[in-house]
Amino acid sequence: MEGIKYSTVTEISGPLMIVEGVKEVGYGEIVHIETAEGKRMGQVLEAAENKAVIQVFEGTRGLDTKNTSVTFTGKPMEIGVSTEMLGRTFDGKGMPIDGAPSPIPEDIRNVNGEPMNPSAREYPRDPIQTGISTIDGMNTLVRGQKLPIFSGAGLPHNELAAQIARQAKVRGQGEEFAVIFCAMGITAEEADFFMQDFEETGAIERSVLFLNLANSPVIERLIAPKVALTTAEYLAFEKGMHVLVILTDMTNYAEALREISAAREEVPGRRGYPGYMYTDLAQIYERAGRIQGRKGTITQIPILTMPDDDITHPIPDLTGYITEGQIVLSRELHNKGIYPPVAVLPSLSRLMAEGIGKGRTREDHHQLSNQLYAAYAEGCDLRDLVAVVGEEALTERDKKYLEFADEFENRFVRQGRDEDRTFEETLNLGWELLSMLPKAELKKIDDKYIEKYYRG
């Protein structure tokens, strides 16, 4: 019952607390915990007939079963949302950490969100310009899409995330655009990097930052993306804004999920992760999209570091099933000093075809990207051949493709950390590179586009 206080804490294990003798307690309900050291907050993780398992947001260190009492609120985890949140920085629970007072809420929302009616969903069709050629030209991001970045330890995914947050824009007059940036389990150094980057470049003015540090409670890591997406839903579907949500690092989120699962002594699934991890990730990723009759959209870029660069690891594997493609970062390109080290060949945007073309980007975009992909793939295959037989065995045609692959990496893939290319600049650069090849080799492009754009 709401407001009833219990002093029947019987067990404390890791981040969990068990309270017995309870009545009418609901799953996901928020509780207030009073201890000798002060107040804490928790959430019901499991509700039985007379027992409740509670996860404590601030952790259970210093708690004991004798001097701890729990009050059930009867309400789920909620956050006050408002347009005043733009330009502000919060922790994973939505509490301000930038020294300013809490914004006055315009609405109070359940962080678990409302399910989006599948029949009310609208197909994503309009492109977002990130200013990064490998994404805009080859794997175009579309409003309402969820397109993850698969990275590895030590690769510059944080720099790429900050650059996308800075540069992303929608084409069109009077379109309001906002960025929700949610970082989970990051170090204080990484948090300083993001805050400094957003403030120095002015991107903070249209952004909301949620930062959960590595030394913050594990439970907060699980709540942070839900708080961020609840804010995004308000700005998109109530205020008509186009919102880009960047979630980093989903691997830290999944590790927190595994830690809580182990504390609950659940039967583990693949590599110790809980069997419901697919469902849990889907509940986050599926909060992207467009709704018929609503102007706003939510686009997601989840970032995850693949343990041991293994793309078959459960986290990237399950993410790939739920999302619409992936951007893969390459350690080989990174070792060559190329930024951003986007591996074009394994990357994919499943919604790209619907989001490009005449009236959206440019009429030649689709065929140009197909030809660039084919030419680069052939050049990469020839590199493997050269390693075996040597360059002397190649024909003149082969040497042109080999040169194309090098130039593609050095001019198209490589760009500055502050370089913001328009769709037109990216496409024109693609034609410059294709003009290294004879016209007869451009078999994937109509003659009318070759006549108009080929520069040979």
* To do: Establish, for the pair Arg417 and Tyr339, whether the NZ or CZ atom is under 6.0 angstrom from the six-membered ring centre and no further than 45 degrees off its axis.
  => yes

* Residue pairs passing the ring-ring contact (aromatic ring centres under 6.0 Å, His included) test where at least one lies in residues 349-385, sequence neighbours excluded -> Tyr376-Phe408

* Without swapping roles, check the side chain of Gln371 against the backbone of Lys443 for a donor-acceptor pair under 3.5 Å. => yes

* Apply salt bridge (charged side-chain N to carboxylate O under 4.0 Å, His left out) to Lys452 and list each qualifying residue two or more places apart in sequence or on a separate chain. => Glu363

* Structure fact -> In terms of heavy-atom contacts, Ile298 and Ala236 come closest through CG1-CB, 3.6 Å

* To do: Name all residues meeting the salt bridge (charged side-chain N to carboxylate O under 4.0 Å, His left out) criterion together with Glu106; count only those two or more places apart in sequence or in a different chain, and write none if there are none.
  => Lys239

* Pair Thr305-Asp249, side chain to side chain donor-acceptor pair (under 3.5 Å): steps then yes or no -> CA-CA 7 Å; Thr305 49; Asp249 177 343; 2.7 Å; yes

* Tell me, do Met195 and Ile204 make a side-chain contact under 4.5 Å, heavy atoms counted? -> no

* Side-chain donor/acceptor of Asn252 to backbone N/O of Met184, under 3.5 Å -> yes

* Sort and list the pairs that fulfil ring-ring contact (aromatic ring centres under 6.0 Å, His included) and have at least one residue in residues 96-136, not counting sequence neighbours. => none

* Below 4.0 angstrom, N of the basic side chain to O of the carboxylate: do Asp406 and Arg411 qualify? -> no

* **Validation row: Pro15, Ile260 side chains within 4.5 angstrom (heavy atoms)** => yes

* Trace of the side chain to side chain contact (heavy atoms under 4.5 Å, CB included) decision for Thr297 with Val170 -> CA-CA 11 Å; Thr297 58; Val170 293; over 6 Å; no

* Not counting sequence neighbours, list each pair that qualifies as a ring-ring contact (aromatic ring centres under 6.0 Å, His included) and has a residue in residues 180-231. => Phe90-Phe210, Phe181-Phe194, Phe181-Phe198

* Does any N or O in the side chain of Thr248 come within less than 3.5 Å of the main-chain N or O of Ala183, such that one atom is a donor and the other an acceptor? -> no

* Asked: Does a salt bridge link Glu403 with Lys400, judged by any charged N lying under 4.0 Å from a carboxylate O?
  -> no

* Asked: What do you reckon, is CZ of Arg61 surrounded by more than 12 foreign heavy atoms closer than 6.0 Å?
  -> no

* Flag this pair as yes if the NZ/CZ of Arg258 is under 6.0 angstrom from the six-membered ring centre of Tyr273 and inside a 45 degree cone about the axis; otherwise no. => yes

* Rounded to the nearest 0.5 Å, how far does CG of Leu141 lie from CG of Leu147? -> 5.5 Å

* **His313 vs Arg271, side chain to side chain contact (heavy atoms under 4.5 Å, CB included): CA-CA, chis, key distance, verdict** => CA-CA 9 Å; His313 186 277; Arg271 302 212 191 175; 3.2 Å; yes

* Are the charged groups of Lys448 and Asp364 less than 4.0 angstrom apart, N to O? -> no

* Asked: Asn428: what forms a side chain to side chain donor-acceptor pair (under 3.5 Å) with it, not counting sequence neighbours?
  -> Arg362

* Are side-chain heavy atoms of Ile303 and Phe150 found at a separation under 4.5 Å? -> no

* To do: May I ask you to decide whether Lys93 forms a salt bridge with Glu220, counting only side-chain N to carboxylate O separations under 4.0 Å?
  => yes

* Asked: Any chance the side chains of Asn139 and Ser347 put a donor and an acceptor closer than 3.5 Å?
  -> no

* Structure fact -> Applying side chain to side chain donor-acceptor pair (under 3.5 Å) to Gln326 and not counting sequence neighbours gives none

* To do: Assess whether atom OH of Tyr276 is packed by more than 12 heavy atoms of other residues, nucleotides or ligands within 6.0 Å.
  => yes

* Asked: Can you list the steps and then say if Val328 with Val342 is a side chain to side chain contact (heavy atoms under 4.5 Å, CB included)?
  -> CA-CA 6 Å; Val328 181; Val342 175; over 6 Å; no

* Asked: For His334, which residues count as a ring pair (Phe, Tyr, Trp, His ring centres under 6.0 Å) partner, sequence neighbours excluded?
  -> none

* Asked: With a cut-off of 6.0 Å (strictly less than), are more than 12 heavy atoms of other residues, nucleotides or ligands near CG of Asp308?
  -> no

* Okay, side chain of Arg221, backbone of Ser216: is any donor-acceptor separation there less than 3.5 Å? -> yes

* Structure fact -> The single option from Glu424, Glu425, Glu419 that satisfies salt bridge (Lys or Arg N to Asp or Glu O under 4.0 Å) with Arg421 is Glu419

* Asked: Are more than 12 heavy atoms from other residues, nucleotides or ligands located less than 6.0 Å from atom CD1 of Ile108?
  -> yes

* Asked: Under 3.5 Å, is there a donor-acceptor pair between the Gln145 and Glu324 side chains?
  -> no

* Return yes if some donor-acceptor pair links the side-chain N/O of Asp126 with the main-chain N/O of Arg143 below 3.5 Å, else return no. => no

* Minimum heavy-atom distance between Asp317 and Thr312, given as atom pair plus value -> CB-O, 3.9 Å

* Do side-chain atoms of Gln292 reach the backbone of Glu122 as a donor and acceptor pair under 3.5 angstrom? -> no

* Asked: Side chains of Leu86 and Ser207: closer than 4.5 Å at any heavy-atom pair?
  -> no

* Would you say Gln167's side chain and Thr130's backbone share a donor-acceptor pair under 3.5 angstrom? -> yes

* **Side-chain (Arg206) to main-chain (Gly87) donor-acceptor, under 3.5 angstrom** => no

* Under the side chain to side chain donor-acceptor pair (under 3.5 Å) rule, collect the residues that match up with His157, sequence neighbours excluded. => Ser151

* Measure the shortest side-chain to side-chain distance between Leu372 and Leu368 over non-hydrogen atoms and say whether it is less than 4.5 angstrom. => yes

* Asked: Thinking salt bridges, do Lys336 and Glu409 make one under a 4.0 Å N-O criterion?
  -> yes

* Flag the pair Val56 / Ile219 as yes when at least one side-chain heavy-atom distance between them is below 4.5 Å, and no otherwise. => no

* Could I get the full list of side chain to side chain donor-acceptor pair (under 3.5 Å) partners for Thr230, not counting sequence neighbours? => Arg287

* Is the shortest heavy-atom distance from the side chain of Arg383 to the side chain of Tyr401 under 4.5 Å? -> no

* Side-chain touch Leu304/Pro302, heavy atoms, less than 4.5 angstrom -> no

* Structure fact -> Taken in chain and number order and not counting sequence neighbours, the residues that satisfy salt bridge (charged side-chain N to carboxylate O under 4.0 Å, His left out) with Lys226 are none

* Do the side chain of Ser349 and the main chain of Thr140 share a donor and acceptor less than 3.5 angstrom apart? -> yes

* Structure fact -> Applied to residues 413-456, the ring-ring contact (aromatic ring centres under 6.0 Å, His included) test, sequence neighbours excluded, yields Trp431-Tyr453

* Asked: Backbone N or O of Gly337 within a donor-acceptor pair of the Arg414 side chain at under 3.5 Å?
  -> yes

* To do: Under the side chain to side chain donor-acceptor pair (under 3.5 Å) rule, what do Asp398 and Thr395 come out as? Steps first, then yes or no, please.
  => CA-CA 5 Å; Asp398 291 343; Thr395 64; 3.2 Å; yes

* Asked: Between Lys169 and Asp420, is the closest basic N to carboxylate O distance under 4.0 Å?
  -> yes

